[in-house]
Each structure stands twice: as C-alpha cells, then as structure tokens.
Amino acid sequence: MTPPRRLADLKARHVTLSVTDDATGETLSVQLPVQRPALGPPVIETSRLYAKTGFLAFDPGFTATASCASAITFIDGPRGQLLHRGYTIDELAEKSSFLEVCYLLLNGELPATRRQLRIFEAEVTRRMTVHEKLRSFLKGFPDGAHPMAIMVGTVGALSAFYCRADVADMDDAARALAAVRVIAKLPMIAAMAYRHSTGQPFVYPRRDLGFAANFYHCCFHSPLDAGAVAAPPAAFARALDAFFLLHADHEQNASTSTVRLAGSSEANPFACIASGIASLWGPRHGGANEAVIRQLRAIGDPANIPKYLERAKDKADPFLLFGFGHRVYRNTDPRAKQMKKLAMECIAERERLDRAEAREGAAYLSSPMGEASLASSTFQDRPAGKELRQLFQLAVELEDAALKDPYFVERKLFPNVDFYSGLALTAIGIPLSLFTCLFAIGRSVGWIAQWKEFMDDPARKIGRPRQVYAGEPPREYPSFEVRERRDSAEKQAALFTGRIARKPSEKGLDDPYGFFF
C-alpha cells in the first residue's frame, strides 16, 4: 500500500499559513520559507513567525523543531542511520579509532596522512595531565561522592585554569586548543573521580599508552605495582575505544543542546561542557546503561521476563524498561549492533581471565603480554565471567521476547546502544557509578565540536526559548492584613468540612511557616 503523500513531499519554496476568523469569516494568510537541507526532511523557517502572525509555536521537548543548522552529525531515524561528517557509524566503528573520529568531527575531514593523525594523538596525550592545584581541588569533595558529581564540579573548575580570556576574543587556534584540552582532560578527571571515591591515590597518564589504555591505567593501577603499567588486555582496550567512538556525537540531544545554549551566552567552553555533563547525568539520558544492569539483575531469571514486559506495558505502573526504544530512531539504533558484539567479546575475555586466575590461584590478574598485574582488590566489585554470561543470555532473551511482542513492535521499541553497553563495561571491570562518566568522555568531542561550530557561526544568537504562560492573570498586591484574614478563613473552612485532620500532639493551631498545610 502506497503511503499517503504529505505536505513535505511537495516541491515548494514556501508554505502558506491561513487563519479564518470564526465570527466574521475574514481570512489572513502569510508565507513562510522552506529550507531543504542536504539530508533529512524539509524545514519551515519560523524565526519570524511571531513577527508575521502574532503566533508562537508550541513544541515541548523540541520534537519537531530544528534548533540549529549543523554539518557535524546526521541521524536518519526511519532508516536507522547515523553519519559523522558523511561517514556511517558502522564503517567508522570497524575501520577507525576514537581519536581519528575526534579529528574528523573537529576538522570536517579525516587526517590526510598517518603522520597527521599521530601528531594529533600525541597532542591529546600531552594535554592529558591536569594542573596540580586542580588535583587538590578535587580532593576537597567528600568521600564517596558520585564520580559524575565530581566531574561536573571539576570540569567547570577548568575554567579557572584555562581559557580565562573572553570567549569572543578567542581565535581559531585558541578554540582548537580548548577542544583538545576537553578531549584530553575528561578521561583523567573521570579516573581521578573514581580513585577519589575509592580512597586510592591519583595516577598520572603515560606518554607510551593510547587514549583508552591511559584511562584504564589511571583508573586501575595499583600502588603496589610502583611504576609499572596497568595496561588493559587488547580486547578491553578495543572495546573502550569503540565505546568512546560510538558515543562521540549524536545530533542535538539534551546534553548537546545544553552545551550550545550555554555557549550562546559566550560562556567559558569548560563551563559549557560542565553543563552538558550535568544534563547527561540523568537516567533518561546518559545513565540508562547503568539502569539496564540493575534492571537485568532485578529480573534475575528468564522466567520473570513476561512479568516485567507486562509491567512495562502497564501505564499505571511507573516501571520503565530501560535500554529499549529511542526518541529519534524508528527502525533500529545502528550503534546497538556494534555494542552487542563488543559485549560478547568483553565477556569472553573476562571468562578467559577468570580461568587463568583460577589456574594460577593467584591474587593478581596478569595480561597475556606480560604487563604489570592489577591488584585483585581493584576489582572487588567486579562480577565473574559466569555471572556476566548469564546476564548476557538474559539480555538476549529479553530482547527476543520484546521484539516478538506486538506492543513493542508497533511502538518500534527496540534495543538501543545502552542495552548492551553496560554489560561490556561491567566485563571490563568498570563500576556502575563510572558508566555515565565514560559516556561523558566519549561525548566530550561532540560537545566541543558543536560548541566550536556554534562559535564559528557569524550569525549566532543567544538562545531564548519562548513559553506558553499558564499562571495567574494580572492582579493586585494584597497587604498582610488581607492575606491573614483570607488564610484564617480558608483554614476554618477546611476544618469545618473535615478536609484537615489535626492531631492533639501537634503544635498550636497556627503554623508560621506554612508547612503543616
């Protein structure tokens, strides 16, 4: 059956908005221009809607509103396609690396030569160290503070150490340096936040390690190993790099839009990135993969899957099935396939390490290449490979059951990137509290690339959304005497009608702070 034609299917340069007066029959019309982007649906230019019509557009959550023009990332939701500067995420995940994708997002093109990429990688590594006073600042957070809380505060504090000039005065070189610093310092701050939360000393990055390996080393190096390297097994290093790559950018999501909005006031770039981290923290955004792991453990047994699916379908039940569906994708999340593959590889590697440890009966884990061992206490909360395999099988069965359920099929609720990413991170040894920090590390390049693109736009404007007012109409300011008489009358009426039940033990009749009522 051929789908019905829509207005957007017509080749028009304008749309006409007409309004007819219900009382007089008078009709007024205005034309609004139509923009046709390189990819994606056509856009009605509504920036002058209020000036031309007196109307505002009401679109809670920006479900049908383009807030900016961008050349960085494109999502085709119906087709399940994600492009970074024109390259598909599948091809980048298979052939590229996180830092090469960083170069691509920042510069618009892939490095022309291997030497160009090596220079960029070396510059990122060189900028990984943080100011010693910033390390002292981070130590001021209370013991047991959530790593994301520490990241929000510490990344914002980078504004006091770097880019202290007016943002409007930054030239291209200064903006490029700010971008490299964001990419380089976030993994170190995340690692320091984790070490602080576990009471362990901070670890410095190493010039001889790659981006993902440096993060792993700074998280899990044991003081018992002195100057040795805590390098991850090759499978874990590949998985971490791919995780960062798959989260590098994702169009105008909540956190990216937050960064752009903060940037529109010409705030310090590190303050803008801190605002993005704060937006990312919630379980509806960056915290979903942590919620998936807790959810799988709560389900526990495949026999419980039908019960949880029914709870997810019950509108009266507040239960949410995390890891399914996506605001933009209406077919499949192209990142989910890659993440499922990474989860399988990481679990297989964890099982191999468990078998090796069992054979040796050792307290330390050693890599097959002879790198320094990690104290087993570092992984005291790490599940064994057997448990992870069971969780993975449970996830697969949950996915299969959901994709066979008409409720999920009709609503296009399929596994997204968060569904399997938590299993991959858990197999590597990443604690749940650090999951969203890793998301922030990967997304850092998207945030700063979007900030840089916005700042490079000569026509940029400060963000100022409008609203639909639902409050009180204009009214007179009442004196305290009037308010007190009204308050007393309302309380007496409430007591008379039995709507308020007082207890003899409570304080006097009057509650000066209004807390009782």
Side-chain angles (χ1 to χ4, degrees), residues 7-8 14-15 17 19 30-37 39-75 77 152 155-156 159 166-168 175 182 249-288 325-330 439-440 443-444 446-474:
L7 296 178
H14 299 84
V15 297
L17 177 64
V19 178
V30 296
Q31 284 192 328
L32 299 173
V34 173
Q35 294 185 18
R36 296 193 176 273
L39 293 172
V43 178
I44 301 172
E45 169 60 70
T46 60
S47 61
R48 292 188 53 77
L49 177 66
Y50 181 69
K52 286 186 173 184
T53 69
F55 283 111
L56 293 175
F58 183 50
D59 182 18
F62 302 103
T63 58
T65 300
S67 62
C68 66
S70 178
I72 299 173
T73 298
F74 173 72
I75 297 172
V152 171
V155 171
S159 305
D166 288 342
V167 172
R175 291 174 183 171
V182 166
D249 193 47
H250 211 233
E251 257 192 27
Q252 305 308 313
N253 51 76
S255 58
T256 300
S257 298
T258 301
V259 170
R260 276 187 173 260
L261 192 60
S264 73
S265 69
E266 297 186 356
N268 184 285
F270 294 106
C272 296
I273 300 303
S275 73
I277 295 172
S279 177
L280 181 72
W281 192 354
R284 294 291 186 95
H285 193 3
H326 195 274
R327 174 77 168 268
V328 178
Y329 295 117
R330 308 308 299 165
F439 194 150
R443 186 56 53 85
S444 64
W447 289 332
I448 199 64
Q450 297 272 353
W451 172 85
K452 186 173 178 293
E453 181 183 60
F454 177 81
M455 296 304 299
D456 290 341
D457 183 1
R460 68 179 185 271
K461 296 179 180 179
I462 187 170
R464 181 55 171 90
R466 302 297 292 267
Q467 66 172 21
V468 174
Y469 178 63
E472 296 287 344

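With hydrogens and angles disregarded, no donor-acceptor distance shorter than 3.5 Å links the side chain of S255 to the backbone of L280. Panel note: side chain E251, backbone I75; a donor-acceptor pair is recorded below 3.5 Å. In this structure, the side chain of S279 does not engage the main chain of G276 through any donor-acceptor pair within 3.5 Å. Of the possible donor and acceptor atoms, one in the side chain of R175 sits under 3.5 Å from a partner among the backbone N and O of M455.
Aromatic ring pairs are classed by plane angle as parallel below 30°, tilted from 30° to 60° and perpendicular above 60°; the pair H285 and F439 is perpendicular.
Residues I448 and I273 approach most closely at N-CD1, 4.0 Å, considering heavy atoms. Pairing each heavy atom of L49 with each of A57, the nearest pair is CD2-N, 3.9 Å. Of all heavy-atom pairs spanning V30 and K52, the tightest one is CG1-O, 3.9 Å. When all heavy atoms are compared, the tightest approach of F270 to S159 is CB-OG, 3.5 Å. Taking all atoms of both residues into account, the shortest heavy-atom contact from A69 to E453 is O-OE1, 4.0 Å. Taking each heavy atom of A267 and A262 in turn, the nearest pair found is CB-O, 3.6 Å.
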Open item on the list: One pair to check against side chain to side chain contact (heavy atoms under 4.5 Å, CB included): F55 and V19. What are the steps and the verdict?
Closed with: CA-CA 11 Å; F55 283 111; V19 178; 3.8 Å; yes
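In this structure E266 satisfies the salt bridge (Lys or Arg N to Asp or Glu O under 4.0 Å) test together with R460, sequence neighbours excluded.
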